[in-house]
Amino acid sequence: MFENDRENEMFDGGNDLDLGSIFEGENPFGDGSADTIAELADVDAVTEFAAMPEEKADAVFSEAAPTADVAAEPEEKTEPPQGQETNTKPEEEEHDTQTNLPQGDAAAKAEEQPEQIGDTPNLFDAAIAKAETKQAESAKSGLVDKLPVFSYAKAEEAIADPSKTFDQLRNEKAEDFPELDDGTSVSWKMVYGTITKSIPNPKKTTIISMKKKIEESKEFLDSLKKAKGDVVCKVTPSVSAKKKGVMQSYKGAFATVADAVTSGKVIGFVPSDDGKVYEVRPNKIGTFIAPANNAGVYSKVRAGFIPALPKIPNETLAQIISFFRSYVTAESALEAMVYVYWSNAEHAYVTYAPEQTVTKDSIDTTLPDLDEDDFTLVMEIHSHNTMEAFFSPTDNADEKATRLYTVIGRLDKLFPDLKTRASVGGKFIDVPPAEVFEMAQEPYPQKWRDMVEIAKPKEAGKE
């Protein structure tokens, strides 16, 4: 590979190494760049090279200095032996182009940012949500020490000792509500704001534990964000229906007291001519009779009116009011009357104004004699011009027939007064007008209702 004199000159141990004179002409180590020269400047490496056998040195030259005409082949990537560490640099994680953060961090950062509309964060919605949460937390703290309320059959009372179980509360209230006496037919639920929870085990569950469980739930906190008005924790029992037609074997219903005594029943119920039902309990001492507080053998009956016909149309009522108003002028204010019939053939209402003589406070008329198989008189309606709507003693004496009666007053107002009642053989029962008349129902935006809060009436003696 080298000429002798060149070899001796290069590797003479007593002479200094002259890198500049080693080669003349073409540099077999490359293009003479700074990197190549820096590599050759490593004296230890050159000394090691000098000690190599000639064959090995030739191999090094052939590998280290390819000719300029031959392009260097790309280095082949080889897998390191198993268990051997490598000095290769790990690949850099891809970065988000907008945040210049690693993609994982950029995604997490994005979750922290408020919702955006276009390129602008929706800071207002974020502020509203934060304010709602703060308000809900504040409302919740004020409810924790507030006593739950027993609510049943329109009776409401704060539960002074909420540490008792639901079943203990049932026993306590059974004195006032005998239907709660049978625990197997009573179920319980707790209604706290908009949250309703049933009580699967009323004998072991305390009232305070269920209240606390609801208060600590995320569902309850979310409900407080939209709550309106006073939030109350109500404890409500429900009595399951008894089997129809089944009576305890020791009870019975009888027509007379004598029948109850001879029946052999422990408890008998007998109706009386004073309109009450009496409880009869015969024993060896004698027969004990008292007004029945809860005669379970009879179905509940309440005074009122149960309509069998459709409601009188709102258009019909509007026509009648207009007719009555025509007799209220600046010169005079008179009463008037109309009859409302039901046509059995046409299944529709017919309004009829009879012949009548009227004054400011009276009406003189005669009821027409119509065949009731064709037309049924449903209601008599008369006006009180500018006076209030009320039934006078004259009305009470006249309205004996079993039908409906209505009086309309204050016709000088935009919306007049209306009062309706049913006569049951001369006994009068007030009837809400909405039960017999169709009321005007115009659509309106739901947002209007969302803005309304209904205040609860204050308890007597409290500010």
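Computed from a predicted model, the values in this text were never measured in an experiment.
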Item checked: Donor + acceptor pair across side chains of Ser383, Asn385 (<3.5 Å) -> no
Check: Does a side chain donor of either Asp167 or Thr165 reach within less than 3.5 Å of an acceptor in the other side chain?
Finding: no
Check: What pairs with Tyr339 under ring-ring contact (aromatic ring centres under 6.0 Å, His included), at least two apart in sequence or on another chain?
Finding: none
Note to self: Looking at Asp417 and Lys419, is there a salt bridge between them, counting it only when a charged N and a carboxylate O are closer than 4.0 Å?
What the structure shows: no
Checklist line | Separation of Phe375 CZ from Glu346 CD (nearest 0.5 Å) | finding: 6.5 Å
Checklist line | Spatial distance of atom CD1 (Ile320) from atom CZ (Arg325) [nearest 0.5 Å] | finding: 13.0 Å
Checklist line | ring-ring contact (aromatic ring centres under 6.0 Å, His included) contacts touching residues 389-432 (sequence neighbours left out) | finding: His384-Phe390
Notebook entry, point to check: Quick one: do Lys311 and Glu435 make a salt bridge, cutoff under 4.0 Å?
Noted result: no
Notebook entry, point to check: Which word best sums up how the rings of Tyr152 and Phe150 line up, parallel for under 30°, tilted for 30 to 60°, or perpendicular for over 60°?
Noted result: tilted
Next item on the list: Answer yes when Glu380 and Arg403 have at least one side-chain N-carboxylate O distance shorter than 4.0 Å, and no when they do not.
Entry: yes
Next item on the list: May I ask you to say whether Glu279 pairs ionically with Arg281, meaning some side-chain N is under 4.0 Å from a carboxylate O?
Entry: yes
Next item on the list: Find the distance between OG (Ser209) and NZ (Lys204) and round it off to the nearest 0.5 Å.
Entry: 13.0 Å
Checklist line | Contact summary for Arg170 and Asp181, nearest pair of heavy atoms | finding: NH1-O, 2.8 Å
Notebook entry, point to check: Looking at Lys456 and Glu156, does any basic side-chain N land under 4.0 Å from a carboxylate oxygen?
Noted result: no
Notebook entry, point to check: Does Val144 offer a backbone N or O that forms a donor-acceptor pair with the side chain of Lys211 under 3.5 Å?
Noted result: yes
